[in-house]
S.K.: 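Just dropping this structure here.
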There are 2 protein chains.
Amino acid sequence: MPRAGLNPDAVVDHALALIDEEGPDALTLAAVAARAGVAAPSLYKHVPGGLAGLRRLIAVRVTTDLAQELRRAIAGKHGEPAVTALMRAYHSYAMAHPQRYAALPQAPLPGDEQLMDAATLLVGTIFEVLADYGIGESEAVHAARSVRAIAHGFASLSIAGAFRLSEDLTETQDRLLTLLTDGLRSWPGAKSA
Amino acid sequence: MPRAGLNPDAVVDHALALIDEEGPDALTLAAVAARAGVAAPSLYKHVPGGLAGLRRLIAVRVTTDLAQELRRAIAGKHGEPAVTALMRAYHSYAMAHPQRYAALPQAPLPGDEQLMDAATLLVGTIFEVLADYGIGESEAVHAARSVRAIAHGFASLSIAGAFRLSEDLTETQDRLLTLLTDGLRSWPGAKSA
DNA sequence: GGCTAAGGCTATTAGCCATAGCTTTGTGGG
DNA sequence: CCCACAAAGCTATGGCTAATAGCCTTAGCC
């Protein structure tokens, strides 16, 4: 039997395709193996930790992807335009890859270096954008948490289909963005523009 | 073998206890049956639809519980105090029952009458609180979505352990509440207090 | 040419959901 | 008082799943 030429990244690719097409619950080693053209146990040669390990790798990949998408969106921007660009990019990513986003754990398990790094990149991007507001140390943490809560809450509910009424979602997003930017402008310790 | 005196509600009780103690992933028919003192297949006599059906019943129960908790919190309050009471109660519920909240689907599957009713009760409570602001039809929908996004995002991330830094969570909640109440006060079409 | 390591495989175990079909229990009507 | 019947148990079975063990083959390098 010829070698399939697999490596961890390729396995994650197959897994992501599976998740995109059939949702997070369809992620089984058997299904991934079928896609890779390999028997299920063979995956253990490439992915340490079996299914749980695969999920971890997926989380790292997706978190990194998302973070880079955000960085790209804010490149060259500062202050309020950067914040809105970040928020819009966040929501766009979630809507473009709903299943992936839904599968994403919002916090790394303790001791997971790789995922921790990816999460740090993502959170760091938020802090970067907030830096222009000149908000102090501790207040910046509260502000970043707020940004994240709004971004995640809106993305998560959008994906879940919680917004059933006919009103336009982008309009909701506009309102939410005004709410956020207004709030940040008058944040405790923020330099007024 | 004596009868166990089970009914759908009792099965849900056991299931919730299990979820609270060991998390949503530990919810298996085998484990629920063990708690109920019954063999696994016997559960099918009480819960239509097997495991999926049980999950549905759990969602109805928890959504209803949460909604009632919110209604209790806002009883007799109006305007801004009602909003903050609702938001605080939401977060309290999530923190008191983190596993249940994490297991909660944020939208009912289409065609699920019971869960739809529970969700309507919950969303209706939000609209009720917003009514005092005198925001018009369509804008009220955007406002309610915003409230929900913030409540869910903050609860969800809190539970997931996404807020690792040492800053006090209640302080973040205070900032988020000011952000929300300020935003609602100046919402398009809101009557100024 | 042959050795070694990596990458496949099959077989097996254990746990899960779900269904089928049998047995027991409890209850209400004759 | 007892019998019939429905409700509520059970065991057995089948078909998933992950994961491990152990074997075989391929590829590449010395």
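Every chain is numbered from 1, with letters handed out A, B, ... down the list of sequences. All values below come from the heavy atoms of this structure, side chains included, with hydrogens, waters and symmetry mates left out. Source: prediction; values computed, not measured.
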S.K.: Taking OP1 and OP2 of C:dG7, is either one under 4.0 Å from a side-chain nitrogen or oxygen of A:S42?
M.R.: no
S.K.: Without decimals, in angstroms, what is the distance between B:L43 CG and C:dC17 C1'?
M.R.: 11 Å
S.K.: Do B:V62 and B:Y93 have side-chain heavy atoms sitting under 4.5 Å apart?
M.R.: yes
S.K.: Which of these passes side-chain contact (heavy atoms from CB on, under 4.5 Å) with B:L184: B:D182, B:T181, B:L180?
M.R.: B:L180
S.K.: Closest nucleotide of DNA chain C for A:A39 versus for B:A31: which of these residues is on the 5' side?
M.R.: A:A39
S.K.: Quick check: closest heavy atoms across A:M116 and A:P108, and the distance to 0.1 Å?
M.R.: SD-CG, 3.7 Å
S.K.: Verify the distance criterion only: is there a donor paired with an acceptor across the side chains of B:Y101 and B:H152 at less than 3.5 Å?
M.R.: yes
S.K.: Tell me, which of residues 47-57 of chain B have any heavy atom that sits under 4.0 Å from an atom in DNA chain C?
M.R.: B:G50, B:L51
S.K.: Nearest whole angstrom, please: distance from the C1' of D:dA27 to the CG of A:N7.
M.R.: 17 Å
S.K.: Please report the shortest heavy-atom distance between B:A73 and B:A89, naming the atom on each side.
M.R.: CB-CB, 3.4 Å
S.K.: Measure from the side chain of A:Y44, starting at C-beta and using heavy atoms only, and say which of C:dT19, D:dC10, D:dA18 lies closest.
M.R.: D:dA18
S.K.: A:P41 side chain: which of C:dG8, C:dT10, D:dA8 is closest?
M.R.: C:dT10
S.K.: Taking only N and O in the side chain of B:H46, is any of them less than 4.0 Å away from OP1 or OP2 of D:dG9?
M.R.: yes
S.K.: Let me spell it out: for each of A:A30 and A:K45, pick the nucleotide of DNA chain D with the closest heavy atom. Which residue's pick is nearer the 5' end?
M.R.: A:A30
S.K.: Would you say CD of A:E21 has more than 12 non-hydrogen atoms from neighbouring residues, nucleotides or ligands within 6.0 angstrom?
M.R.: yes
